[in-house]
Amino acid sequence: MTVTASQLMASLNIDELESESATVNTLIGQASDLVKSSVNYNLTDDEYAKYPLFDAAVSSLATALYYDRSLSSGMPHAVTIMITHLQARLGGSNGTTIQTK
C-alpha cells in the first residue's frame, strides 16, 4: 500500500481542491523521503510497501506537516516510534538518529 493524497485528505476531512491536493502530494513526498532517509534509503518502494508501518509513519508525518510545516514542536512522538521500529526491522538508521524536543 502507498499513501495517496486522496486517502490522506479523506481521513483529514480536507476538501479535494486541486491546490490542496497538490500541497498534500508534496507533503507526502517530503514525509516519505524523510522516513526513508531515517530508516534505510537503499530500499526500494516495493520493499517499503511490504510494511504497513511505513505507510502509517508517512501518513502521520504528512499530517503533522500539513498543520505545522516547520514542525515547530519537533518530530511527532508517534512518528519517532514508528521510525525506530522500522529501523530495527529494515537494517538500521544509516547513522541517523531522530531527535525530539
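Residues satisfying the side chain to side chain contact (heavy atoms under 4.5 Å, CB included) test with Ala5, not counting sequence neighbours, are Met9, Ser21, Val24, Asn25, Ile28. With sequence neighbours left out, the side-chain hydrogen bond (donor to acceptor under 3.5 Å, both in side chains) criterion links Tyr51 to no other residue. Evaluation of the side-chain hydrogen bond (donor to acceptor under 3.5 Å, both in side chains) rule for Glu20 yields Tyr66 as partners, not counting sequence neighbours. For the side-chain hydrogen bond (donor to acceptor under 3.5 Å, both in side chains) test, residues two or more places apart in sequence or in another chain that qualify with Asp33 are Tyr41. For Thr26, there are no side-chain hydrogen bond (donor to acceptor under 3.5 Å, both in side chains) partners, not counting sequence neighbours. Listed by chain and residue number, Thr80, Gln87 satisfy the side chain to side chain contact (heavy atoms under 4.5 Å, CB included) test with Thr84 (two or more places apart in sequence, or in another chain).
Smallest separation of non-hydrogen atoms from Ala64 and Pro76: CB-CG, 3.5 Å. For Thr2 against Asp55, the heavy-atom pair with the smallest separation is N-OD2, 3.6 Å. Nearest heavy atoms, Val79 versus Ser60: CG2-CB, 3.6 Å. Closest of all the heavy-atom pairs between Ser73 and Asp68 is N-OD2, 3.7 Å.
From His85, atom NE2 reaches atom CG of Leu90 across 12.5 Å, with rounding to the nearest 0.5 Å. Rounded to the nearest 0.5 angstrom, Ser59 OG and Met82 CE are separated by 8.5 Å. Atoms CG and OG, from Asn42 and Ser37 in turn, are 11.5 Å apart once rounded to the nearest 0.5 Å. Here CD1 of Ile83 is found 9.5 Å from CG of Leu53. Values are rounded to the nearest 0.5 Å. With rounding to the nearest 0.5 Å, the separation of OG in Ser38 from CG in Leu86 is 10.0 Å.
A heavy-atom distance below 4.5 Å is not found between the side chains of Phe54 and Val39. Between Met75 and Leu34, the closest side-chain pair of non-hydrogen atoms falls below 4.5 Å.
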Listing, residues 11-19 side-chain donor-acceptor contacts under 3.5 Å, not counting sequence neighbours, or none:
residue: Ser11; atom: OG; partner: Leu8; partner atom: O; Å: 2.9
residue: Glu16; atom: OE2; partner: Ser6; partner atom: OG; Å: 3.1

(message) side chain to side chain contact (heavy atoms under 4.5 Å, CB included), that's the test. Do Gln30 and Leu61 meet it? Break it down for me.
(response) CA-CA 9 Å; Gln30 291 170 351; Leu61 184 53; over 6 Å; no
